[in-house]
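Values below: all heavy atoms of this structure, side chains included; hydrogens, waters and symmetry mates excluded.
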Amino acid sequence: MQAMARSHPNIALIKYWGKRDTTKNLPAVDSLSLTLGGLWTKMKIDLSLNLDRDELIINGVIDEPNLLRVSQCLDLVIGKNRKFAKIISECNFPISAGLASSSSSFSALVVAANAAMKKESNTQLLAAQAGTISGSAARSILGGIVELNNISNTIRIKQLSNATRWPLSVVIAITDKNKKNISSSQAMNLSSRSSPFYSAWIKNQSPDMKEARLAVKNKDFDKLAAVSEHNCLKMHSVMWTTKPSVVYWNAATLNCMHAIRDLQQIGEPVFFTMDAGPQIKAVCLPENETRIIKRLTEIDGVVSIMKSGLGEAPTSSADL
Ligand code: DP6
């Protein structure tokens with residue numbers, strides 16, 4: 001009745017933006033991501049306390065806004081006739097700020113809930129459960145470089161490269177620790193209804209996936225860089241042209257992008273990606289990491305820097 005799981009967030013290089021089924025939370029496009037070993041969420045679940053409602057504590061503070069989604073996740077994994085749970089979540093990075101905290105949280109939660117109930121599970125079932133609550137969370141069920149595909153009325157995840165085959169580093173420049181104004185879920189639903197670029201976005205995803213998959217296979221950094229930046233900017237163009245427009249960037253985000261472009265000009269292997277928030281993620285090779293950190297630290301508006309290599313799949317323990 002108790003378990004703990006630890007899971008890593010992932011960042012997409014080929015992005016998920018838009019849903020083909022909002023009830024089942026199925027993504028409209030395939031996506032490809034890096035699992036970040038340096039960032040984690042630990043999730044403890046206890047179903048043995050005879051509570052009269054679920055309780056959620058995030059980083060030591062009782063949390064109401066995220067409780068509904070957490071309860072829905074437990075209903076999905078355990079069933080609606082379950083006991084109420086106390087869920088204690090701890091995270092070593094800012095949450096709801098565009099750092100994919102929902103990916104580590106909900107992957108950790110499904111793994112912990114399955115472990116607490118001693119349920120038979122497997123990678124694809126865990127991914128489907130995590131993905132039903134948060135699309136990106138499905139990808140955190142595997143480590144390294146992960147691909148998510150849409151298959152009839154479900155999803156399938158696949159590891160393209162393990163955490164050690166092609167070690168990449170991710171330097172994260174945090175430019176604002178505040179929570180975002182609009183959730184990615186709400187924003188992508190608005191985009192699908194109102195951006196004139198949305199249909200082009202959907203149509204052009206499969207060539208980007210193909211290119212990125214090949215770049216990973218060949219460990220071709222330049223090819224992965226080009227397609228990832230292109231895909232990221234396309235997603236942000238859809239966001240910007242949503243009505244009302246969704247702009248997650250701030251001045252420091254843009255300054256970091258320019259700095260990364262300058263580094264590329266002098267031959268540094270690095271590229272940027274941004275999600276539903278103003279933080280910049282600079283993907284580079286481990287041997288270049290120090291130089292990238294130094295350059296991004298100098299930029300006005302960068303409040304802190306985190307770094308990460310690639311990480312493994314979630315782990316769990318039912319022995320608390
Ligand atoms: C920009 O997974 O947070 O990070 O399924 O509605 O919970 P929901 O959305 P979420 O969206 C992630 C969007 C993104 C791109 C990505 O991770 O692929």
Side-chain angles (χ1 to χ4, degrees), residues 8-17 27 29-39 100 103 136 138-150 156-173 200-237 256-275 279-296 306-313:
H8 301 293
N10 69 78
I11 52 156
L13 300 184
I14 306 301
K15 311 285 189 185
Y16 145 50
W17 195 254
V29 284
D30 293 355
S31 56
L32 183 150
S33 62
L34 309 178
T35 300
L36 302 182
L39 278 59
S103 66
S136 57
R139 299 184 307 238
S140 278
I141 296 296
L142 288 171
I145 306 180
V146 179
E147 167 171 4
L148 182 148
N149 301 117
N150 283 289
R156 197 151 287 267
I157 54 166
K158 184 175 165 199
Q159 186 179 59
L160 295 180
S161 188
N162 65 30
T164 52
R165 175 186 165 266
W166 190 21
L168 295 170
S169 276
V170 182
V171 174
I172 303 165
W201 158 253
I202 303 292
K203 218 167 83 200
N204 287 292
Q205 188 78 339
S206 134
D208 288 1
M209 282 295 293
K210 199 169 159 196
E211 225 167 297
R213 207 180 288 126
L214 193 64
V216 172
K217 186 171 171 227
N218 298 332
K219 298 191 201 173
D220 186 333
F221 190 89
D222 291 346
K223 285 237 162 70
L224 187 63
V227 71
S228 301
E229 286 192 356
H230 173 70
N231 189 271
C232 166
L233 293 174
K234 258 192 320 204
M235 178 185 75
H236 283 275
S237 306
C256 288
M257 286 166 68
H258 285 303
I260 290 167
R261 284 276 156 98
D262 290 346
L263 287 166
Q264 289 170 345
Q265 290 295 314
I266 57 166
E268 201 78 71
V270 59
F271 65 89
F272 59 72
T273 190
M274 292 84 68
D275 292 292
Q279 334 304 354
I280 279 258
K281 291 105 181 187
V283 183
C284 62
L285 299 175
E287 56 269 33
N288 301 87
E289 191 185 80
T290 313
R291 282 202 295 277
I292 310 297
I293 293 179
K294 185 169 175 295
R295 181 65 194 100
L296 294 181
M306 298 187 80
K307 61 177 183 172
S308 177
L310 300 189
E312 306 286 348

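- Taken from CD1 in I145 to CZ in R213, the straight-line distance is 13.0 Å, to the nearest 0.5 Å.
- For the pairing with L310, the side chain to side chain contact (heavy atoms under 4.5 Å, CB included) check across L34, T35, N10 returns one residue only, L34.
- Here CG of L13 is found 7.5 Å from OG of S33. Values are rounded to the nearest 0.5 Å.
- K219 and S161 share no donor-acceptor pair across their side chains, judged by distance under 3.5 Å alone.
- A donor-acceptor contact closer than 3.5 angstrom is absent between the side chains of R156 and N149.
- The shortest side-chain heavy-atom distance between M209 and V227 does not fall under the 4.5 Å cut-off.
- Atom OG in S228 sits 13.0 Å away from atom NZ in K281 (nearest 0.5 Å).
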**Study point:** Trace of the side chain to side chain contact (heavy atoms under 4.5 Å, CB included) decision for V146 with K158
**Key:** CA-CA 6 Å; V146 179; K158 184 175 165 199; over 6 Å; no

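- Smallest separation of non-hydrogen atoms from Q159 and G144: NE2-N, 4.2 Å.
- The closest side-chain heavy-atom distance from H258 to F272 is not below 4.5 Å.
- Taking every heavy atom of both residues into account, G311 and A163 meet most closely at O-CB, 3.7 Å.
- Residues M235 and Y16 form no side-chain contact, since every pair of their non-hydrogen atoms from C-beta on lies 4.5 Å or further apart.
- Counting heavy atoms from C-beta on, the side chains of L148 and L32 never come closer than 4.5 Å.
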Exercise for review: Could you walk me through whether D222 and F271 pass the side chain to side chain contact (heavy atoms under 4.5 Å, CB included) test, one step at a time?
Suggested key: CA-CA 9 Å; D222 291 346; F271 65 89; over 6 Å; no

Practice item. Start with the C-alpha gap between E211 and K223, add the side-chain angles, then the distance that decides, and say whether salt bridge (Lys or Arg N to Asp or Glu O under 4.0 Å) holds. Key: CA-CA 8 Å; E211 225 167 297; K223 285 237 162 70; over 6 Å; no

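- A side-chain donor-acceptor contact under 3.5 Å links Q205 and N231.
- N218 places no side-chain N or O within donor-acceptor distance of the main-chain N or O of D220, the cut-off being under 3.5 Å.
- S237 and L233 get closest at one heavy-atom pair: OG-O, 2.6 Å.
- Residues I293 and K307 have side chains in contact (heavy-atom distance under 4.5 Å, counting atoms from C-beta outward).
- When all heavy atoms of P9 and L39 are compared, the pair lying nearest together is CD-O, 3.1 Å.
- In this structure, M306 and V170 have side chains that are not in contact, with every pair of non-hydrogen atoms separated by 4.5 Å or more.
- Salt-bridge check for E289 with K294: failed, with every basic side-chain N at 4.0 Å or more from each acidic carboxylate O.
- Between W166 and F221, the two ring planes are perpendicular [angle over 60°; tilted spans 30° to 60°].
- Side-chain contact check for I280 versus I260: some heavy-atom pair is nearer than 4.5 Å.
- Among all heavy-atom pairs drawn from E268 and N288, the shortest one is OE2-ND2, 2.5 Å.
- Summarising the geometry, atom CE belonging to M257 is positioned 7.0 Å from atom SG belonging to C232; distances are rounded to the nearest 0.5 Å.
- Under a 4.0 Å N-O distance rule, the pair D208/K234 qualifies as a salt bridge.
- With rounding to the nearest 0.5 angstrom, the CG atom of L214 is 6.5 Å from the NZ atom of K217.
- Listed here is the closest heavy atom pair of H236 and M274: NE2-O, 2.9 Å.
- Q264 places a side-chain N or O within 3.5 Å of a backbone atom of V270 that can act as its donor or acceptor partner.
- Atoms CD1 and CG, from I172 and L36 in turn, are 5.5 Å apart once rounded to the nearest 0.5 Å.
- Looking at heavy atoms from C-beta onward, N150 lies in side-chain contact with P27 at the 4.5 angstrom threshold.
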Practice item. Under the side chain to side chain contact (heavy atoms under 4.5 Å, CB included) rule, what do I14 and K210 come out as? Steps first, then yes or no, please. Key: CA-CA 10 Å; I14 306 301; K210 199 169 159 196; over 6 Å; no

